[in-house]
Asker: 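I have a structure here, written as structure tokens, and I will follow up with some questions on it.
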Amino acid sequence: GAGVSQSPRYKVAKRGQDVALRCDPISGHVSLFWYQQALGQGPEFLTYFQNEAQLDKSGLPSDRFFAERPEGSVSTLKIQRTQQEDSAVYLCASSGGQRNEKLFFGSGTQLSVL
Amino acid sequence: AQSVSQHNHHVILSEAASLELGCNYSYGGTVNLFWYVQYPGQHLQLLLKYFSGDPLVKGIKGFEAEFIKSKFSFNLRKPSVQWSDTAEYFCAVMGYSSASKIIFGSGTRLSIRP
């Protein structure tokens with residue numbers, strides 16, 4: 001399909017394990033956002049890319065969280081030494097223009113840390 | 001810092017009732033404003049947006065929102081709701097700069113009684 005694709009759809013990790021979450025944005029989209037959504041809450045901003053440049057990473061909760069988009073398309077969010085409080089749905093969104101008039105969201109990756 | 005406040009966590013209405021969901025934002029500058037909707041089992045999707053011009057904006061499915069700058073508000077309205085409007089609604093704000101992140105509110109769950 002032509003939408004934003006995220007994988008895996010579900011991830012169960014043991015506390016202390018490293019995880020990597022993948023986002024395939026819509027082809028040609030310049031902007032890419034990562035959000036964290038806890039149960040019953042709104043999406044919390046994590047980080048934002050324009051092409052390969054990470055313009056804002058102010059929402060990353062700790063230095064255990066790292067995101068990259070090396071070629072300006074696919075992005076990976078990595079969480080090292082996962083903790084229970086990292087359990088959430090991680091959403092990726094992309095936008096075709098720099099003005100971000102419309103975000104297209106993926107289905108998210110539901111991360112459960114045991 | 002940017003922030004968004006949605007006053008109602010859960011709203012329950014009967015079909016044909018009128019709807020107004022509150023949204024207030026905090027941002028020290030020119031803003032762009034959005035309402036996104038998440039229907040059960042679906043992705044977040046854009047309902048409507050305000051970038052400039054007429055402060056009363058119309059979106060899909062009969063929804064509209066009014067930007068009142070003096071009140072820092074962007075309330076969502078619909079004159080007559082349908083059962084299919086059952087969903088989670090999120091207000092969001094973005095600064096005018098192209099490098100600005102998009103911040104979401106905590107959401108309002110709307111339940112429509114048939």
Asker: Among residues at least two apart in sequence or on other chains, which ones pass side-chain contact (heavy atoms from CB on, under 4.5 Å) with Gln2(B)?
Answerer: Tyr27(B), Val93(B), Lys101(B), Ile103(B)
Asker: With a 4.5 Å cut-off on heavy-atom pairs, point out which of Gln42(B), Met94(B), Gln45(B) contacts chain A the most.
Answerer: Met94(B)
Asker: Looking at Leu103(A), is its backbone amide N or carbonyl O close enough to the side chain of Tyr36(B) to form a donor-acceptor pair, meaning the two atoms are under 3.5 Å apart?
Answerer: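 Indeed, once roles are kept as given, a pair shorter than 3.5 Å links the two residues.
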Asker: Looking at Ile60(B), I want to see if its CD1 is surrounded by more than 12 non-hydrogen atoms of other residues, nucleotides or ligands under 6.0 Å.
Answerer: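 Yes, CD1 of Ile60(B) has more than 12 neighbouring heavy atoms, counting only those of other groups under 6.0 Å.
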Asker: Does the side chain of Tyr35(A) come within less than 4.5 Å of Ile102(B)'s, by heavy atoms?
Answerer: yes
Asker: Tell me if the CZ atom of Arg15(A) is crowded by more than 12 foreign heavy atoms within 6.0 Å.
Answerer: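 Open: at most 12 neighbouring heavy atoms sit under 6.0 Å from CZ of Arg15(A).
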Asker: Crowded around Glu85(A) CD? As in, over 12 foreign heavy atoms under 6.0 Å?
Answerer: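 Yes, CD of Glu85(A) has more than 12 neighbouring heavy atoms, counting only those of other groups under 6.0 Å.
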Asker: Which bit of Glu44(A) comes within less than 4.5 Å of chain B, counting heavy atoms only: side chain, backbone, both or neither?
Answerer: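 The answer is neither part of Glu44(A).
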Asker: Could you see if Val31(B) belongs to whatever hydrophobic cluster contains Val4(B)? Use Ile, Leu, Val, Met, Phe, Trp, Tyr and a side-chain cutoff under 4.5 Å.
Answerer: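 Yes, same cluster.
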Asker: Side chains of Lys49(B) and Lys102(A): does their closest heavy-atom pair fall under 4.5 Å?
Answerer: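 The answer is no, as the side chains (C-beta and beyond) never meet within the 4.5 Å cut-off.
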Asker: Counting only non-hydrogen atoms closer than 4.5 Å, does Phe104(A) touch chain B with its backbone (N, CA, C, O), its side chain (CB onward), both, or neither?
Answerer: neither
Asker: What's the separation between atom CG in Asn32(B) and atom CD in Glu101(A), rounded to the nearest 0.5 Å?
Answerer: 8.0 Å
Asker: Quick check on the hydrophobic clustering: are Leu60(A) and Val89(A) connected, directly or via other members, by side-chain heavy-atom contacts under 4.5 Å?
Answerer: no
Asker: Where do Phe105(A) and His43(B) come nearest, in terms of heavy atoms and distance?
Answerer: O-ND1, 3.0 Å
Asker: Gln37(A) and Phe90(B): which non-hydrogen atoms are nearest, and at how many Å?
Answerer: NE2-CZ, 3.5 Å
Asker: Give, as side chain, backbone, both or neither, the part of Ser58(A) having an atom under 4.5 angstrom from any heavy atom of chain B.
Answerer: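 Interface part for Ser58(A): side chain.
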Asker: Hey, any chance Phe65(A) and Leu111(A) share a hydrophobic cluster, counting ILVMFWY side chains that come within less than 4.5 Å of each other, even indirectly?
Answerer: yes
